[in-house]
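Values in this document were obtained by computation on a predicted structure and should not be read as measured data.
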Amino acid sequence: MFRNVYHKIDIADMAIRELCQNDLPEVLDIERQGYSFPWNESIFRGCFRPDYRLWALEVGDRLSGYAVVAYMADEAHLLNLCVATGQRRLGAGRCLLRHLVAESAQDGMSQVLLEVRDSNTRAMDLYASEGFSVIGRRPGYYPGGTEREDALVMALPLDDRSAFPGPP
């Protein structure tokens, strides 16, 4: 449910495709908007490998978000999901999350795992609303100002692949 005064993005205006290296300037801009300690270009370049899935979300004709997922054995590990500032809380992140979950299930993964900052309640609410549950904590996982911040580890089992909803 959307609890803001903004209008939800029209699903017809959204498209998800594979992220490519030519997208990196826009990805880095979105990354800097979204995180106090953003990934750098070399980290993103290191993710273009066969055991990773990189997704680009376009709204209209503009790159508006991305997700980076590592496949390890039978688990999909969501490493990074970010949406451009102007597209947040409008359904773009939910659409991207649902896409990567559906793709992970289709690829035979047994679950999707992720870490989320303990202070990022909006992201935790999104993940919980999509069926993720907290399965652990990683103390001091994220860099912070003067101290490191804990991460909550969340998981979504993919055993019942028919239970995944379509776009928001």
K.L.:
Is the closest side-chain heavy-atom distance between Glu41 and Pro25 below 4.5 Å?
P.N.:
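SC-SC contact between Glu41 and Pro25 ruled out.
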
K.L.:
Is the count of non-hydrogen atoms from other residues, nucleotides or ligands lying under 6.0 Å from Arg32 atom CZ greater than 12?
P.N.:
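Above 12, so yes.
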
K.L.:
Scan Val101, Leu97, Val68 and name whichever one has a side-chain contact (heavy atoms from CB on, under 4.5 Å) with Leu78.
P.N.:
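The passing option is Leu97.
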
K.L.:
Once you round to the nearest 0.5 Å, how far does CG of Asp74 lie from CD of Gln111?
P.N.:
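CD of Gln111 is found 7.5 Å from CG of Asp74.
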
K.L.:
Kindly give the heavy-atom pair with the smallest separation between Val112 and Phe132, and that separation in Å.
P.N.:
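Where Val112 meets Phe132 most closely, the heavy atoms are O-CE2, 3.6 Å.
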
K.L.:
Taking the side chain as every heavy atom from C-beta outward, state whether Asp29 and Gln33 have any atom pair closer than 4.5 Å.
P.N.:
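Touching, per the 4.5 Å side-chain cut-off.
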
K.L.:
Measure across Leu63 and Arg17 and return the closest heavy-atom pair with its distance rounded to 0.1 Å.
P.N.:
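Shortest heavy-atom contact: CD1-NH2, 4.2 Å.
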
K.L.:
Any donor-acceptor pair under 3.5 Å linking the side-chain atoms of Tyr35 with those of Asn80?
P.N.:
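There is such a pair (donor and acceptor under 3.5 Å, judged by atom type) between the side chains of Asn80 and Tyr35.
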
K.L.:
With a 4.5 Å limit on heavy-atom distance, are the side chains of Leu79 and Val69 in contact?
P.N.:
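Side chain of Leu79 against side chain of Val69, heavy atoms only: no contact under 4.5 Å found.
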
K.L.:
State, with a plain yes or no, whether a side-chain heavy atom of Trp55 is found less than 4.5 Å away from one of Glu103.
P.N.:
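A side-chain contact exists here, since the closest heavy-atom pair is under 4.5 Å.
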
K.L.:
In sequence, state the C-alpha distance, the side-chain angles, and the governing distance for Val153 and Arg138, and then conclude on side chain to side chain contact (heavy atoms under 4.5 Å, CB included).
P.N.:
CA-CA 7 Å; Val153 181; Arg138 298 191 198 282; 3.6 Å; yes

K.L.:
Does Arg62 come within less than 4.0 Å of Glu58, counting only side-chain N to carboxylate O?
P.N.:
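Salt bridge flag = no for Glu58 with Arg62.
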
K.L.:
Tell me, please, whether Tyr71 has Arg53 positioned over its six-membered ring: NZ or CZ under 6.0 Å from the ring centre and within 45 degrees of its axis?
P.N.:
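Arg53 over Tyr71 ring: yes.
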
K.L.:
Do Ile16 and Met14 sit in one hydrophobic cluster, given that two such residues count as connected whenever their side-chain heavy atoms are within less than 4.5 Å of each other, even indirectly?
P.N.:
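Yes.
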
K.L.:
Can any side-chain N or O of Ser110 pair as donor or acceptor with the backbone N or O of Glu75 at less than 3.5 Å?
P.N.:
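Flag not set: sc Ser110 to bb Glu75 has no pair under 3.5 Å.
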
K.L.:
Are the charged groups of Arg117 and Asp150 less than 4.0 angstrom apart, N to O?
P.N.:
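No salt bridge links Arg117 with Asp150.
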
K.L.:
Is there side-chain contact between Glu115 and Leu152, with heavy atoms separated by less than 4.5 Å?
P.N.:
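The answer is no, as the side chains (C-beta and beyond) never meet within the 4.5 Å cut-off.
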
K.L.:
Flag yes if more than 12 heavy atoms outside Asn40 fall under 6.0 Å of its CG atom; otherwise flag no.
P.N.:
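More than 12 within 6.0 Å, yes.
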
K.L.:
What's the separation between atom CD in Glu31 and atom SG in Cys82, rounded to the nearest 0.5 Å?
P.N.:
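If I round to the nearest 0.5 Å, the distance is 5.5 Å.
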
K.L.:
State, with a plain yes or no, whether a side-chain heavy atom of Leu158 is found less than 4.5 Å away from one of Ser104.
P.N.:
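They are in side-chain contact.
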
K.L.:
Can you name the nearest heavy-atom pair linking Met124 to Val116, along with the distance?
P.N.:
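Answer, listing the atom of Met124 first, then Val116: CG-CG1, 3.5 Å.
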
K.L.:
Do you know the tightest heavy-atom contact between Ile30 and Ala84?
P.N.:
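Reported closest heavy-atom pair: CG2-N, 3.7 Å.
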
K.L.:
Give a yes or no answer on whether the side chain of Tyr127 reaches the backbone of Leu156 with a donor-acceptor pair at less than 3.5 Å.
P.N.:
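No, the answer is negative, given that no donor and acceptor are paired below the 3.5 Å cut-off.
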
K.L.:
Spell out, yes or no, whether Leu28 and Phe48 are grouped together once hydrophobic residues are joined by side-chain heavy atoms under 4.5 Å, including indirect joins.
P.N.:
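Leu28 and Phe48: one cluster.
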
K.L.:
Quick check on the hydrophobic clustering: are Tyr52 and Leu57 connected, directly or via other members, by side-chain heavy-atom contacts under 4.5 Å?
P.N.:
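They do not share one cluster, since no chain of ILVMFWY contacts under 4.5 Å joins Tyr52 to Leu57.
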
K.L.:
Looking only at non-hydrogen atoms, find the nearest pair between Gly65 and Leu96 and report the distance.
P.N.:
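Looks like C-CD2, 4.1 Å.
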
K.L.:
Any donor-acceptor pair under 3.5 Å linking the side-chain atoms of Glu149 with those of Ser119?
P.N.:
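Yes, because at least one side-chain N or O of Ser119 sits under 3.5 Å from a partner of the opposite role on Glu149.
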
K.L.:
Could you tell me the separation between the CE atom of Met154 and the CD atom of Glu130, rounded to the nearest 0.5 Å?
P.N.:
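Spacing of CE (Met154) from CD (Glu130) equals 11.0 Å.
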
K.L.:
Drop me the distance from Leu114's CG to Ile135's CD1, to the nearest 0.5 angstrom.
P.N.:
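Taking CG in Leu114 and CD1 in Ile135, the distance rounds to 9.0 Å.
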
K.L.:
Could you state the interatomic distance from CG (Leu19) to CD (Glu26), rounded to the nearest 0.5 Å?
P.N.:
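Atom-to-atom, Leu19:CG and Glu26:CD are 9.5 Å apart.
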
K.L.:
Within the 4.5 Å heavy-atom criterion, are Leu24 and Arg45 side-chain neighbours or not?
P.N.:
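Leu24 reaches Arg45 side chain to side chain.
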
K.L.:
Same cluster or not: Leu100 versus Leu113, using hydrophobic residues (I, L, V, M, F, W, Y) connected whenever any side-chain heavy atoms lie under 4.5 Å apart?
P.N.:
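The answer is no; the residues belong to distinct hydrophobic clusters.
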
K.L.:
Do you know the tightest heavy-atom contact between Leu54 and Cys47?
P.N.:
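So the two residues come closest at CD1-O, 3.1 Å.
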
K.L.:
Which value, rounded to the nearest 0.5 Å, describes the distance between Asp118 atom CG and Tyr142 atom OH?
P.N.:
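Asp118 CG to Tyr142 OH: 10.5 Å, rounded to 0.5 Å.
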
